[in-house]
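Here is the structure we will look at.
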Amino acid sequence: MWKQRSPGQSSFNDYNTFPLPQTQRVQPSYAHGPTFHTQQPLVTGTSVLGIKFDKGVMIAADNLASYGSLARFRDIQRLHPLGQHTLIGVAGDMSDYQWLQKELDALLREEDALALTDSHPSLSPKNIYQLLSNLFYARRSKMNPVWNAVLVGGWDKVKAESFLAYVDLLGTTYTAPTLATGFGAHLAQPLLREAYEAKAGIDGTGPLLTQEEAEKVLEDCMKVLFYRDARSINKFQIATITAEGSTISDSKSADTYWAFAEGLRGYGAQTQ
Amino acid sequence: MLSPSPSLSLLLSNLNEFRNSYDSDNTTFSPQGKLFQVEYALEAVKQGSAAIGVRSATHAVLLTLKRSTGELATYQKKLIRIDDHVGVAIAGLTSDARVLSNFMRQQAMRDRMTFGRAIPVGRIVQSIADRAQTNTQEYGRRPYGVGFLVIGQDETGPHLYEFSPAGTAFEYYAHSIGARSQSAKTYLEQNFESFESASLAELINHGLSALNDTLQQDKSLSVANTSVAIIGPADPAIEDIQHSAAARRGYFRVWENEGVDGLLRAWRRSRGEPEDGPQEEAAPDTAAAAGETTEGQQPSAEQAQTAEGSENAPPGAPAGGEDIDMEQH
């Protein structure tokens with residue numbers, strides 16, 4: 001008896017008729033190796049801050065996308081409008097953020113197309129926030145998180161009030177009149193609360209900050225973050241959402257003071 | 001036997017009169033540009049008992065005539081709650097209605113889950129219209145044999161839509177579908193201009209008058225055969241808000257059996273009729289026991305298939321009305 005090679009082992013037979021006819025097999029999902037999920041963020045954005053004021057809500061984020069500790073991309077906008085009255089500020093993985101932008105823009109475009117037929121108002125800030133919290137929790141439950149922390153700011157037209165809420169890669173959700181992600185939650189949130197409660201009181205029943213006051217406290221907080229957060233730069237934008245709609249400021253910087261650095265000793269390049 | 005007997009060939013030629021070479025496949029147009037299967041499906045809707053829909057600036061109301069398949073059967077429910085803010089009245093094949101209304105419930109729940117909002121009414125109707133249209137264009141399928149009147153309210157106010165098995169979804173100020181619905185349409189066309197500013201009570205009275213016009217000569221509206229569904233703020237003068245949380249919240253609620261009695265009385269008062277209704281209605285059981293043999297008494301094969309039965313059957317056990325509501329967040 002003569003031994004024939006099994007067809008799976010070779011594309012050639014003993015008579016060199018080439019190629020051997022082969023059945024096209026369906027490639028199994030593991031054919032290209034194991035499936036990898038996002039296990040760490042790569043290009044990241046740092047803190048996002050949010051505060052309610054008397055006529056709406058403001059969200060601030062700097063323009064940096066870091067590659068590890070390298071300040072890699074210095075002109076990235078991390079504030080993204082979703083329709084007229086909603087805006088998100090995003091920290092964490094910037095590629096996941098870009099995916100999120102694409103998905104949400106597609107959804108809103110679809111809603112706008114449907115609204116052409118029935119004139120129904122588009123998704124409210126609350127609707128979008130509900131969607132995001134479902135999405136983030138579902139993805140973390142698949143061990144494949146969307147690696148971001150997001151502030152959703154908006155104006156609820158039905159209730160005629162501002163909206164501000166937080167959702168992150170674990171699906172954690174909460175809402176407060178002042179919010180901050182990442183380092184900002186440690187460095188800026190106390191300052192935001194202090195300014196907010198100084199007027200509104202601890203129970204929030206008093207008057208809210210004016211637009212100018214809110215902008216001032218956000219700029220102060222961005223300065224503190226620039227001083228103390230090594231993943232930040234002194235170039236940031238502030239978005240304002242009111243009943244009239246949302247606007248995003250041009251990039252700006254805070255006045256900083258570095259004269260004290262001259263006297264610092266103990267690390268860095270020094271001649272004496 | 002070399003040739004068919006004359007009587008048999010006569011029978012065959014008679015059969016061919018009813019046969020249509022363009023109706024065995026719903027995807028093939030006839031030379032006249034018709035899709036016969038779709039037209040037959042529209043006929044199935046006309047076999048079902050009547051359903052009326054009316055709408056004002058604040059309310060939307062459905063009114064239906066229920067049938068029962070026989071003396072021992074309950075009256076078939078014609079009104080289905082989809083969500084707090086949407087409900088439908090059906091005419092045609094009940095089993096097809098169940099498939100479509102389950103799909104509508106899924107759509108409504110999906111919007112509640114993902115967006116935390118009540119689905120816009122026009123979109124939920126369009127979603128079933130799209131499904132029905134697919135059935136008119138794909139080989140090997142059949143159209144749905146049921147038509148809906150859909151009422152609902154959303155951020156743009158109350159709405160009334162008609163869904164038909166042809167795959168269309170149109171919005172109306174007032175509309176009627178089902179058996180003898182043309183009579184109701186005549187009434188609605190004469191009166192619809194006053195509907196926009198009508199109160200809930202006036203709107204229901206108009207709807208009941210239209211529904212009354214679809215009845216056979218010797219029949220009348222009764223607590224057994226009439227059911228009414230309302231969306232919009234409750235009117236405590238005519239609705240029993242004590243027993244309906246949905247009514248208190250202005251959600252979709254169905255009034256039938258004892259629940260519809262107050263509405264019927266108010267309607268008869270408004271027409272200057274005796275409030276208790278025609279006297280023969282007082283003893284329908286004796287009439288049935290006496291062996292009343294009108295044409296609907298024995299359900300025909302067609303009626304059995306519509307599964308809505310006959311309007312002539314006596315009142316059966318009360319069909320359980322749904323009065324569930326979801327918490328609005």
Side-chain angles (χ1 to χ4, degrees), chain A residues 82-86 88 100 103-142 146 150 152-161 163-167 171-175 243, chain B residues 55 57-58 60 82-86 104 106-133 148-163 167-173 231 233 249-251 326-329:
Chain A
L82 296 167
Q84 288 286 302
H85 291 95
T86 312
I88 55 171
L100 207 57
E103 291 289 313
L104 293 172
D105 286 350
L107 175 75
L108 283 159
R109 230 172 4 251
E110 207 171 306
E111 279 285 313
D112 286 348
L114 288 169
L116 292 175
T117 65
D118 62 6
S119 305
H120 195 275
S122 189
L123 296 169
S124 70
K126 198 187 120 212
N127 296 151
I128 289 170
Y129 180 59
Q130 176 99 12
L131 174 77
L132 284 173
S133 50
N134 280 323
L135 171 73
F136 278 63
Y137 181 70
R139 284 285 297 272
R140 81 103 218 195
S141 299
K142 291 174 186 156
V146 184
V150 179
V152 180
W155 182 263
D156 188 324
K157 283 205 278 190
V158 178
K159 291 184 191 162
E161 63 184 30
F163 180 91
L164 180 62
Y166 170 100
V167 60
T172 316
T173 58
Y174 47 84
T175 178
Chain B
R55 202 210 71 188
T58 52
I82 302 299
D83 199 343
D84 284 341
H85 70 300
V86 183
M104 289 175 84
Q106 282 175 27
Q107 296 296 305
M109 290 313 293
R110 195 191 62 121
D111 256 47
R112 291 233 182 243
M113 284 282 287
T114 52
F115 300 119
R117 74 166 175 184
I119 190 168
V121 184
R123 299 193 190 163
I124 197 172
V125 182
Q126 195 59 53
S127 74
I128 55 167
D130 288 348
R131 271 180 70 133
Q133 194 281 335
F148 283 177
L149 288 180
V150 184
I151 57 168
Q153 64 181 355
D154 56 27
E155 288 176 48
T156 57
H159 296 282
L160 166 67
Y161 284 91
E162 182 211 21
F163 154 78
T168 57
F170 292 122
E171 188 162 13
Y172 286 89
Y173 294 107
I231 283 181
R249 296 187 170 114
Y251 294 162
M326 297 176 51
E327 290 299 322
Q328 188 86 51
H329 295 293

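Since this is a predicted model, take the numbers as computed values, not measurements. Chain identifiers are assigned alphabetically (A, B, ...) following the order of the sequence lines, protein sequences preceding nucleic acid strands; residue numbering begins at 1 within each chain.
Here A/Leu135 contributes atom CG and B/Thr114 contributes atom OG1; the two are 11.0 Å apart, rounded to the nearest 0.5 Å. Taking NZ of A/Lys157 as the reference point, atom CD of B/Glu155 lies at 9.0 Å (rounded to 0.5 Å).
Residues A/Lys126 and B/Gly116 come closest through the heavy atom pair NZ-O, 3.8 Å. When every heavy atom of A/Leu107 is checked against every heavy atom of B/Phe115, the shortest pair comes out as CD2-CE2, 3.9 Å. Between B/Thr156 and A/Pro121 the shortest heavy-atom distance is CG2-CD, 3.9 Å.
Residue A/Ala138 does not touch chain B at all, counting heavy-atom pairs closer than 4.5 Å.
The greatest number of non-hydrogen atom pairs below 4.5 Å with chain A, out of B/Met113, B/Gln126, B/Arg123, is found for B/Arg123.
Residues B/Glu171 and A/Asp118 are not in side-chain contact: their nearest non-hydrogen atoms beyond the backbone lie 4.5 Å or more apart.
Other residues, nucleotides and ligands contribute over 12 non-hydrogen atoms within 6.0 Å of the OH atom of B/Tyr172.
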